[in-house]
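Note that these values count all heavy atoms, side chains included, but never hydrogens, waters or copies made by symmetry. First listed ligand is number 1; within each ligand, the first listed atom is number 1. Along the sequence shown, residues are numbered consecutively beginning with 1.
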Amino acid sequence: MKVLIIGNGGRENALSWKIRQSPSVEYCQMVPAEPKEDLLATALSGGYDLTVVGPEGPLNDGIVDLFKARGLRVFGPSQAGAKLESSKVDAKIFMEKYGIKTAPYEVFDDFYASTAYLRRCRFPLVIKADGLANGKGVVICHTFEEGEKALEDLMVRKQFNQSGERVIIETFLEGFEASMLCITDGVRIKPFISAMDYKRAEDHNRGLNTGGMGAVAPNPFLTRSHLEVFEKEIMEKTLNGIQKEKIDYHGFLYFGLMVTAEDIFVLEYNVRLGDPETQAVLPLMKSDLVDVMLATLDEELEHRSLAWLDKRSCCVVACSGGYPQTFQKHKKSRV
Ligand code: AMP
Ligand code: GLY
């Protein structure tokens with residue numbers, strides 16, 4: 001098989017490393033995420049048997065719908081599925097409709113109404129741009145002044161263009177975070193090994209949120225009973241929603257979770273693999289990922305089980321200047 005990977009960052013390098021290990025793969029090429037028509041031309045002229053979409057931009061742009069209409073095999077959700085990530089408001093409405101726990105919130109598209117609301121709020125709280133912002137559209141605010149500035153940046157200065165025209169103001173949840181990368185064919189959904197990413201730009205939980213500075217898998221704090229709650233109350237309910245909404249979804253689905261003392265809440269969905277979580281998770285996967293992806297496209301995921309390296313293995317990734325370095329270590333050894 002010839003495999004085309006869209007995107008060429010850390011996540012896609014990890015995907016490429018894993019895909020090349022499949023005995024069915026002869027050739028695997030990464031390309032930057034260009035406009036979808038250019039990518040279609042690349043896939044057609046290169047005679048690729050399978051295209052795997054790394055980042056959210058092309059998915060949100062409807063690349064999967066375009067490739068499928070031209071008879072190409074492509075791994076990722078349709079544009080309708082990509083809305084779970086590209087609109088945080090749509091994702092919240094989906095979660096409410098299907099009984100999936102998330103932080104209480106309000107939506108605003110008017111700056112003055114949002115600041116008037118902010119005056120009545122208790123801090124800290126969280127302000128989020130509705131649309132895509134490269135993982136940088138979320139600000140945790142400790143004072144009214146910080147909140148007002150975040151709203152002004154998003155809604156008035158349009159720091160992220162249209163993405164911040166609508167905002168969510170939500171309750172700050174205290175706990176630890178977990179990233180669950182899953183795969184679904186729309187019939188079944190299966191979790192990968194858990195992970196945790198480190199989002200702050202500086203040490204000691206200071207600095208602004210980033211898309212992720214580093215990751216560890218499995219998540220060192222997540223217990224078996226947390227996983228059971230996640231699977232029953234979040235993962236399966238999300239699949240149920242995807243089915244009820246008749247969303248065409250054959251791809252990866254990422255759950256960004258906050259685990260509090262009381263419960264587990266969804267902070268966000270991503271309709272792709274996480275970056276840098278993928279770099280920590282895929283080295284632990286024993287299964288042939290290409291076989292699993294092809295089974296997913298054929299809606300045969302129920303006949304595949306995912307195998308992982310020994311439980312004592314763990315993988316840590318540190319990103320610096322955007323270039324990840326992967327270390328695979330024994331849990332007991334120093335990392
Ligand atoms: P999101 O893109 O919605 O996952 O938000 C990015 C990051 O902001 C998360 O990984 C958390 O670190 C933080 N965050 C988002 N929402 C909340 C919340 N309600 N409470 C506490 N932290 C949050
Ligand atoms: N690391 C979080 C993300 O990929 O959005």
>> Suppose we measure from atom 1 (N) of ligand 2 to each protein heavy atom; which comes out shortest, and what is that distance?
In response: D197 OD2, 2.6 Å
> What part of R11, side chain, backbone, both or neither, has a heavy atom within less than 4.0 angstrom of ligand 2?
Replying inline: neither
> Does F172 have its ring centroid less than 6.0 Å away from the ring centroid of H142?
Replying inline: no
> Which atoms from ligand 1 have a heavy atom of M258 less than 4.0 Å away?
Replying inline: 21 (C), 22 (N)
> Can you tell me how far the OG atom of S16 sits from the CZ atom of R11, to the nearest 0.5 Å?
Replying inline: 13.5 Å
> Considering only heavy atoms of E177, which atoms of ligand 1 have at least one such atom less than 4.0 Å away?
Replying inline: 9 (C), 10 (O), 11 (C), 12 (O)
> Pick from I100, T260, I234, V259: which one makes a side-chain contact (heavy atoms from CB on, under 4.5 Å) with F265?
Replying inline: T260
> In the protein, which heavy atom is nearest to atom 20 (N) of ligand 1, and how far is it?
Replying inline: L173 N, 2.8 Å
> To which protein heavy atom is atom 8 (O) of ligand 1 closest, and what is the distance rounded to 0.1 Å?
Replying inline: N209 ND2, 3.2 Å
>> Check for me whether E174 has a heavy atom closer than 4.0 Å to any atom of ligand 1.
In response: no
> If you count the atoms of ligand 1 from 1 in the order shown, which ones are under 4.0 Å from a heavy atom of V126?
Replying inline: 16 (N), 17 (C), 18 (C), 19 (N), 20 (N)
> What residue and heavy atom of the protein are closest to atom 5 (O) of ligand 1, and at what distance?
Replying inline: V138 CG2, 3.4 Å
> For ligand 1, which atoms, with element, lie under 4.0 Å from some heavy atom of E170?
Replying inline: 16 (N), 17 (C), 18 (C), 19 (N)
> How far does OG1 of T278 sit from NZ of K18, to the nearest 0.5 angstrom?
Replying inline: 13.0 Å
> With a 4.0 Å heavy-atom cut-off (strictly under), which part of L267 contacts ligand 1: side chain, backbone, both or neither?
Replying inline: both
> Could you walk me through whether T42 and Y48 pass the side chain to side chain donor-acceptor pair (under 3.5 Å) check?
Replying inline: CA-CA 9 Å; T42 305; Y48 287 95; over 6 Å; no
> Going by the atom numbers of ligand 2, which of them fall below 4.0 Å from some non-hydrogen atom of R272?
Replying inline: 3 (C), 4 (O), 5 (O)
>> Between E233 and K237, does any side-chain N to carboxylate O distance fall below 4.0 Å?
In response: yes
>> Please list the nearest protein heavy atom to atom 3 (C) of ligand 2 with its residue and the distance rounded to 0.1 Å.
In response: N270 ND2, 3.5 Å
> So, R73 and D298, do they make that salt bridge, N to O below 4.0 Å?
Replying inline: yes
> With a cut-off of 4.0 Å, which atoms of ligand 1 are near a heavy atom of K128?
Replying inline: 3 (O), 15 (C), 16 (N)
>> Looking at K97 and E245, is any side-chain nitrogen of the basic one under 4.0 Å from a carboxylate oxygen of the acidic one?
In response: yes
> Got a salt bridge between D263 and K101, using NZ or NE/NH1/NH2 to carboxylate O under 4.0 Å?
Replying inline: yes
> Hey, which of L59, V271, D90, N60 is the one that makes side-chain contact (heavy atoms from CB on, under 4.5 Å) with E85?
Replying inline: V271
>> I need the atoms of ligand 2 closer than 4.0 Å to a non-hydrogen atom of G274, numbered in the order shown.
In response: 4 (O)
> Which residue owns the protein heavy atom closest to atom 2 (O) of ligand 1, what's the atom, and how far is it?
Replying inline: K88 NZ, 3.1 Å
